[in-house]
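Residue numbers run from 1 in the order of the sequence given.
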Amino acid sequence: QVQLVESGGGLVQPGGSLRLSCAASGNIFSIYSMGWYRQAPGKQRDLVALITSSGSTTYVDSVKGRFTISRDNAKNTVTLQMNSLGPVDTAVYYCNLRLRVEGERVYEYDYWGQGTQVTVSS
């Protein structure tokens, strides 16, 4: 079993910053990526940013230049630095860990944190 523990969410004023952290533990192996997704009320869960174990990053267009994802592979943690926050960023943010096992077939397993609320409001 894999456990993802998130921290750093909260209430922030527009233009402010927050830093989300996620620590993975348990039966983790063959980590392909760690990342953050977010889900606003009534909307689907969408990718915000992810980083692979080799350091490649992916961002949704709406956060490019404002958010930065980083990872400490030794500690199995991922951090999302969020700057210049606006109300559109209000959502529950979920940490994601993807395991990838390659053999004759490729198996991918996704694990999710419980979610941390980010509210941007004045």
Asks: Please say yes or no: joined through hydrophobic side-chain contacts below 4.5 Å, possibly via intermediate residues, are L4 and I69 part of one cluster?
Replies: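 Shared cluster, yes.
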Asks: Looking only at non-hydrogen atoms, find the nearest pair between V118 and G9 and report the distance.
Replies: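 Residues V118 and G9, closest heavy atoms: CG2-CA, 4.2 Å.
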Asks: Mind listing the closest non-hydrogen atom pair of G10 and L18 along with its distance?
Replies: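 Heavy atoms of G10 and L18 come nearest at O-CD1, 3.9 Å.
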Asks: Hey, could you give me each pair passing side chain to side chain donor-acceptor pair (under 3.5 Å) that has a residue in residues 79-93? Not counting sequence neighbours.
Replies: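 Sorted result for residues 79-93: S17-N83, R38-D89, R38-Y93, R66-D89, Q81-N83.
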Asks: Is it true that Y109 and I28 fall in one hydrophobic cluster, defined by side-chain heavy atoms closer than 4.5 Å?
Replies: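 Yes; I28 is reachable from Y109 via cluster members.
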Asks: Tell me which pairs pass ring pair (Phe, Tyr, Trp, His ring centres under 6.0 Å) where either residue lies in residues 34-55, with sequence neighbours left out.
Replies: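 Every pair satisfying ring pair (Phe, Tyr, Trp, His ring centres under 6.0 Å) with a residue in residues 34-55: Y37-W112.
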Asks: Could you report the tightest heavy-atom contact between Q117 and A91, atom names first, then the distance?
Replies: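 In terms of heavy atoms, the two residues are closest at NE2-O, 3.4 Å.
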Asks: Side chains of S54 and T52: is there a donor and an acceptor less than 3.5 Å apart?
Replies: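 A donor-acceptor contact under 3.5 Å links the two side chains.
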Asks: Show the nearest heavy-atom pair for residues A24 and M34, with the distance to one decimal.
Replies: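 So the minimum-distance heavy-atom pair works out to CB-CE, 4.0 Å.
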Asks: Test side chain to side chain contact (heavy atoms under 4.5 Å, CB included) on C95 and V78 and set out the steps.
Replies: CA-CA 8 Å; C95 179; V78 63; 4.0 Å; yes
Asks: For the atom pair OG (S53) and CZ (R98), what is the distance rounded to the nearest 0.5 Å?
Replies: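 It is 12.5 Å, given to the nearest 0.5 Å.
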Asks: Would you give the length of the straight line joining atom CZ of R100 to atom CG of D110, rounded to the nearest 0.5 angstrom?
Replies: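 Going from CZ on R100 over to CG on D110, the span is 11.5 Å.
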Asks: Membership question, hydrophobic clusters at under 4.5 Å side-chain separation (ILVMFWY): are V106 and I31 in the same one?
Replies: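 Shared cluster, no.
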Asks: Would the distance check show the side chain of Q3 and the main-chain N or O of S25 forming a donor-acceptor pair, the cut-off being under 3.5 Å?
Replies: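 No; zero donor-acceptor contacts below 3.5 Å.
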Asks: Within the structure provided, determine whether D46 and V60 are in side-chain contact (heavy-atom separation under 4.5 Å).
Replies: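 Sidechains of V60 and D46: no contact.
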Asks: To the nearest 0.5 Å, what is the distance between CZ on R71 and CG on L50?
Replies: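 Separation between the atoms: 10.5 Å.
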Asks: Of all the heavy-atom pairs spanning Y59 and A49, show the shortest one and how long it is.
Replies: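 Smallest heavy-atom distance, with atoms named: CD2-CB, 3.5 Å.
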Asks: Does Q1 form a side chain to side chain contact (heavy atoms under 4.5 Å, CB included) with N27? I'd like the steps, not just the answer.
Replies: CA-CA 5 Å; Q1 182 64 43; N27 189 24; 5.9 Å; no
Asks: Any chance you could pull the hydrophobic cluster mates of Y32, using side-chain heavy atoms under 4.5 angstrom and chaining through other members?
Replies: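 None; Y32 is a cluster of one.
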Asks: Same hydrophobic cluster for L99 and Y94, using side-chain heavy-atom links shorter than 4.5 Å among ILVMFWY?
Replies: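 No, it is not one cluster - the side chains of L99 and Y94 are not joined through contacts under 4.5 Å.
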Asks: Let's go through V101 and F29 carefully: what are the C-alpha distance in whole Å and the side-chain angles of both, what is the deciding distance for side chain to side chain contact (heavy atoms under 4.5 Å, CB included) to 0.1 Å, and is it a yes or a no?
Replies: CA-CA 9 Å; V101 181; F29 57 93; 3.5 Å; yes
Asks: In Å and rounded to the nearest 0.5 Å, what is the CG to OG distance from N96 to S33?
Replies: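 Atom-to-atom, N96:CG and S33:OG are 6.0 Å apart.
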Asks: Is it the case that one hydrophobic cluster holds both L80 and V12, taking links as side-chain heavy atoms less than 4.5 Å apart, direct or via other members?
Replies: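 Yes, it is one cluster - the side chains of L80 and V12 are joined through contacts under 4.5 Å.
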Asks: Got a sec, which residues hit salt bridge (Lys or Arg N to Asp or Glu O under 4.0 Å) with R19, two or more places apart in sequence or on another chain?
Replies: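 Testing R19 for salt bridge (Lys or Arg N to Asp or Glu O under 4.0 Å), a comparison that skips the adjacent residues, returns none.
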Asks: The criterion is salt bridge (Lys or Arg N to Asp or Glu O under 4.0 Å); which residues satisfy it with D72, sequence neighbours excluded?
Replies: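 Result, salt bridge (Lys or Arg N to Asp or Glu O under 4.0 Å) vs D72: none returned.
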Asks: How would you list, by chain and number, every residue that makes a salt bridge (Lys or Arg N to Asp or Glu O under 4.0 Å) with K75, sequence neighbours excluded?
Replies: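 Expected list: none.
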Asks: Please name the pair of heavy atoms, one in P14 and one in S122, separated by the smallest distance, quoted to 0.1 Å.
Replies: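 Smallest interatomic distance, heavy atoms only, reads CD-N, 3.6 Å.
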